[in-house]
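Down below is the structure, laid out as structure tokens.
Everything numeric in this text was worked out from a predicted model, so none of it was measured. Below, read A as the first sequence line, B as the second, and so on, with proteins coming before strands; counting in each chain starts at 1.
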Protein chains: 2
Amino acid sequence: MKGKYYELQENFGRHLKLLREERSLSLRDLSSLCELDSSKISKIENGKTNLQLSSIFELAKGLGIDPKELLDFKI
Amino acid sequence: MKGKYYELQENFGRHLKLLREERSLSLRDLSSLCELDSSKISKIENGKTNLQLSSIFELAKGLGIDPKELLDFKI
DNA sequence: TTAATTGTGGACTTTTAAGTCTACAATTAA
DNA sequence: TTAATTGTAGACTTAAAAGTCCACAATTAA
């Protein structure tokens, strides 16, 4: 099943992917800049994960942005 | 053990508590405005939980704020 | 053509959030 | 004083995130 928050996860993931591609980073690049496995990031980008606060902060660290920016997408 | 992200959780929790108290909401009040148990919210406010994306959005809904605002605290 | 890179998915274990409920001490209101 | 409210913690189950690793097809570079 897709789960109650699937749309939210999808929107988050789409936004994350944009932010990553804007910086011309591959999944493995981003992975090396934070403490998240590249396959995990792939799953997040594809809306498969309801990630935790800590992961949001890790991604922000890797992207070099304020964590708030990762929540800056339309629902 | 406190865990790797304990400080982050503490800061998030402190911030959440402020936002709730600014609105004069009790834990049970806030709980009734979102889909989170009041005892869960208590644990989040006290830095005991590395909450998920969906919970951040639930809290934002209950507080009537943009989810981004929940990440607007100093690390 | 060969070699490297890239995104993705699966397998698997361990950890923990979510969800639900109960209870209780301390504070506040009636 | 009594009753209600408030914050908190514990017990317990279920679901799933985290974490790690491997494999592979497709794309891109050498």
**Prompt:** Quick one: are B/L71 and A/F57 in side-chain contact, heavy atoms under 4.5 Å?
**Reply:**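 Side-chain contact under 4.5 Å: yes.
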**Message:** Any non-hydrogen side-chain atom of B/L27 less than 4.5 Å from a side-chain atom of B/R20?
**Reply:** yes
Hunt down the Watson-Crick or G-U wobble partner of [N], both distances under 3.5 Å, from any strand shown, or write none.
N: D/dC21; value: C/dG10
N: D/dG10; value: C/dC21
N: C/dA29; value: D/dT2

Quick one: is [N] close enough that its OP1 or OP2 comes under 4.0 Å of any side-chain N or O from [X]?
X: A/R20; N: C/dG7; value: yes
X: A/Q52; N: D/dA18; value: yes
X: B/S42; N: D/dG7; value: no
X: A/S55; N: D/dA18; value: yes
X: A/N46; N: C/dT8; value: yes
X: A/K48; N: C/dG9; value: yes
X: A/N50; N: C/dA17; value: no

**Asked** Going only through I, L, V, M, F, W and Y residues with side-chain contacts under 4.5 Å, is there a path from A/I65 to A/I56?
**Response** yes
**Request:** Show the numbers, then the answer: is there a side-chain contact (heavy atoms from CB on, under 4.5 Å) between A/N11 and A/R14?
**Result:** CA-CA 5 Å; A/N11 289 325; A/R14 198 177 353 262; 2.9 Å; yes
[X] [atom1] - [N] [atom2] separation (whole Å):
X: A/Y5; N: D/dA15; atom1: OH; atom2: P; value: 16 Å
X: A/I41; N: C/dT8; atom1: CD1; atom2: P; value: 12 Å
X: A/K4; N: D/dA15; atom1: NZ; atom2: P; value: 15 Å
X: B/D37; N: D/dT6; atom1: CG; atom2: P; value: 15 Å
X: B/K40; N: C/dT20; atom1: NZ; atom2: C1'; value: 10 Å
X: B/Q9; N: D/dA18; atom1: CD; atom2: P; value: 12 Å
X: A/L30; N: C/dT6; atom1: CG; atom2: P; value: 12 Å
X: A/L53; N: C/dT15; atom1: CG; atom2: P; value: 21 Å

**Residue mapping more 5' on DNA chain D - nearest nucleotide basis, B/L27 or A/R28** =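 The 5'-side residue here is B/L27.
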**Message:** Over 60° means perpendicular and under 30° means parallel, so tell me whether B/F12 and B/F73 are parallel, tilted or perpendicular.
**Reply:**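 B/F12 and B/F73: perpendicular rings.
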**Request:** Indicate, yes or no, whether a donor-acceptor pair under 3.5 Å links the base of C/dG10 to the side chain of A/K43.
**Result:**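 Answer yes: a donor N or O sits under 3.5 Å from an acceptor.
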**Request:** For a side-chain contact (heavy atoms from CB on, under 4.5 Å) with B/K48, tell me which candidate from B/N46, B/I44, B/L51, B/N50 qualifies.
**Result:**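 Result: among B/N46, B/I44, B/L51, B/N50, B/N46 is the only option passing the side-chain contact (heavy atoms from CB on, under 4.5 Å) with B/K48.
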**Message:** Once you apply a heavy-atom cut-off of 4.0 Å, does A/S39 come out as touching a base, just sugar-phosphate, or nothing?
**Reply:**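 Contact class for A/S39: base.
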**Item:** Comparing B/T49 and A/D29 on DNA chain C - which has the more 5′ nearest nucleotide
**Value:** A/D29
